[in-house]
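First the structure, in the form of structure tokens, and then the observations on it.
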Amino acid sequence: QVHLEESGGGSVQAGGSLRLSCVISGYSYSDYCMGWFRQAPGTEREGVAGINSAGDIAYADSVKGRFTISIDNAKNTLYLQMNSLKPEDTAMYYCATEGLRPASMVVAVNGRNAFGYWGQGAQVTVTS
């Protein structure tokens, strides 16, 4: 059974940094796409950043240059380094995974529908 667990959320002032981690277990396929999504109250879940086993990486325009997605295959852990945080980055952040597909699928409209495995989320709050 595939299980994803996020950690590293918290509260930070604008301009600060946080690093989210997502430990994946039970996923035994060598081909994958993994991504970070976020959802603020009253809004739809949106894709933030994606990475796949072919080395493709994609970011939403709103986080380009500030967020970095990476994966440590030895630790089965996905990361999201978030720098220069803004109040509008406040949201619940989720990691997700599925079989191989373009990393751009994460940030595509309705890209979230392409992912079948999700974590429970980690809250990120950025105060001004």
Side-chain angles (χ1 to χ4, degrees):
Q1 184 175 357
V2 179
H3 181 72
L4 292 81
E5 185 168 352
E6 302 93 339
S7 62
S11 182
V12 64
Q13 287 190 326
S17 299
L18 284 173
R19 188 177 79 158
L20 300 179
S21 300
C22 172
V23 178
I24 304 110
S25 60
Y27 190 87
S28 59
Y29 300 101
S30 58
D31 294 330
Y32 58 81
C33 183
M34 296 181 183
W36 288 99
F37 296 78
R38 66 186 181 186
Q39 187 169 19
T43 68
E44 290 199 352
R45 193 171 296 186
E46 62 173 352
V48 174
I51 186 170
N52 70 13
S53 53
D56 293 337
I57 293 177
Y59 296 98
D61 288 343
S62 59
V63 305
K64 280 181 181 176
R66 300 188 298 122
F67 290 12
T68 302
I69 189 172
S70 62
I71 188 165
D72 185 332
N73 287 306
K75 296 181 179 179
N76 294 327
T77 302
L78 179 71
Y79 300 100
L80 185 68
Q81 178 66 45
M82 303 183 293
N83 299 328
S84 302
L85 282 161
K86 305 175 181 180
E88 51 264 43
D89 294 318
T90 294
M92 185 72 78
Y93 283 70
Y94 301 88
C95 60
T97 191
E98 195 46 87
L100 183 63
R101 56 208 60 206
S104 58
M105 182 70 72
V106 174
V107 299
V109 173
N110 292 324
R112 64 187 181 277
N113 295 330
F115 292 80
Y117 302 105
W118 293 83
Q120 292 301 305
Q123 178 67 39
V124 171
T125 302
V126 185
T127 58
S128 57

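Nothing fancy with the numbering, it's 1 onward along the sequence. Only heavy atoms go into these numbers, but all of them, side chains included; no hydrogens, no water, no symmetry mates.
The closest donor-acceptor contact from the side chain of Thr43 to the backbone of Pro41 lies at 3.5 Å or more, if one exists at all. Looking at Arg38, its side chain never comes within 3.5 Å of a backbone N or O of Trp36 through a donor-acceptor pair. Although no hydrogens or angles enter the test, the distance criterion places no donor-acceptor pair under 3.5 Å between the side chain of Glu6 and the main chain of Ala122. Without hydrogens or angle criteria, Tyr59 side chain to Gly50 main chain gives no donor-acceptor distance under 3.5 Å. Listed for the Asn110 side chain is no donor-acceptor partner under 3.5 Å among the backbone atoms of Asn113.
In this structure the side chain of Glu46 never reaches within 4.5 angstrom of the side chain of Phe37, judged on heavy atoms. At least one side-chain heavy atom of Met34 sits under 4.5 Å from a side-chain heavy atom of Ile71. Side-chain atoms of Ser11 and Thr127, non-hydrogen and from C-beta on, do get closer than 4.5 Å to each other. Annotation: side chain of Ser25 is not in contact with side chain of Val2 (no heavy-atom distance under 4.5 Å).
Using bins of under 30°, 30° to 60° and over 60° for the plane-to-plane angle, the ring pair Tyr27/Tyr117 lands in the perpendicular bin. Tyr93 and Phe67 have tilted rings, their planes meeting at an angle from 30° to 60° on a 0 to 90° scale.
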List the steps and the verdict of side chain to side chain contact (heavy atoms under 4.5 Å, CB included) for Arg101 and Cys33. CA-CA 6 Å; Arg101 56 208 60 206; Cys33 183; 3.6 Å; yes
Before you tell me yes or no, could you show the steps for Ser21 and Val23 under side chain to side chain contact (heavy atoms under 4.5 Å, CB included), namely the whole-Å CA-CA distance, both residues' side-chain angles and the distance that decides it to 0.1 Å? CA-CA 7 Å; Ser21 300; Val23 178; 5.5 Å; no
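Across all their heavy atoms, Leu4 and Cys95 have their closest contact at CD2-SG, 3.6 Å. Among all heavy-atom pairs drawn from Ser53 and Ser30, the shortest one is CB-O, 3.5 Å. Thr97 and Tyr32 get closest at one heavy-atom pair: OG1-CB, 4.3 Å.
Under the 6.0 Å distance and 45° angle rule, Arg112 does not count as a cation-pi partner of Trp118.
The CE atom of Met105 sits 10.5 Å away from the CG atom of Leu100 when rounded to the nearest 0.5 Å. With rounding to the nearest 0.5 angstrom, the CD1 atom of Ile57 is 12.5 Å from the OG atom of Ser104. Between Gln120 atom CD and Ser7 atom OG the span is 13.5 Å, to the nearest 0.5 Å.
Around the CD atom of Gln123, the shell of radius 6.0 Å holds more than 12 heavy atoms that belong to other residues, nucleotides or ligands. Within 6.0 Å of the CD atom in Glu5, the count of heavy atoms belonging to other residues, nucleotides or ligands does not exceed 12.
No path of Ile, Leu, Val, Met, Phe, Trp and Tyr side chains, each step under 4.5 Å between heavy atoms, connects Leu18 with Met92, placing them in separate hydrophobic clusters. Linking ILVMFWY side-chain heavy atoms closer than 4.5 Å, directly or via other members, places Val48 and Tyr94 in two distinct hydrophobic clusters. Transitive grouping of hydrophobic side chains (ILVMFWY, heavy atoms separated by less than 4.5 Å) brings Leu20 and Val63 into a common cluster.
Tested against Thr90 for a side chain to side chain contact (heavy atoms under 4.5 Å, CB included), the candidates Val12, Val126, Val124 yield a single pass: Val126.
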For residues 78-87, please give each side-chain donor-acceptor pair under 3.5 Å, one per line with the distance, not counting sequence neighbours.
unit_1	atom_1	unit_2	atom_2	d
Gln81	NE2	Asn83	OD1	2.9
Asn83	OD1	Ser17	OG	2.9

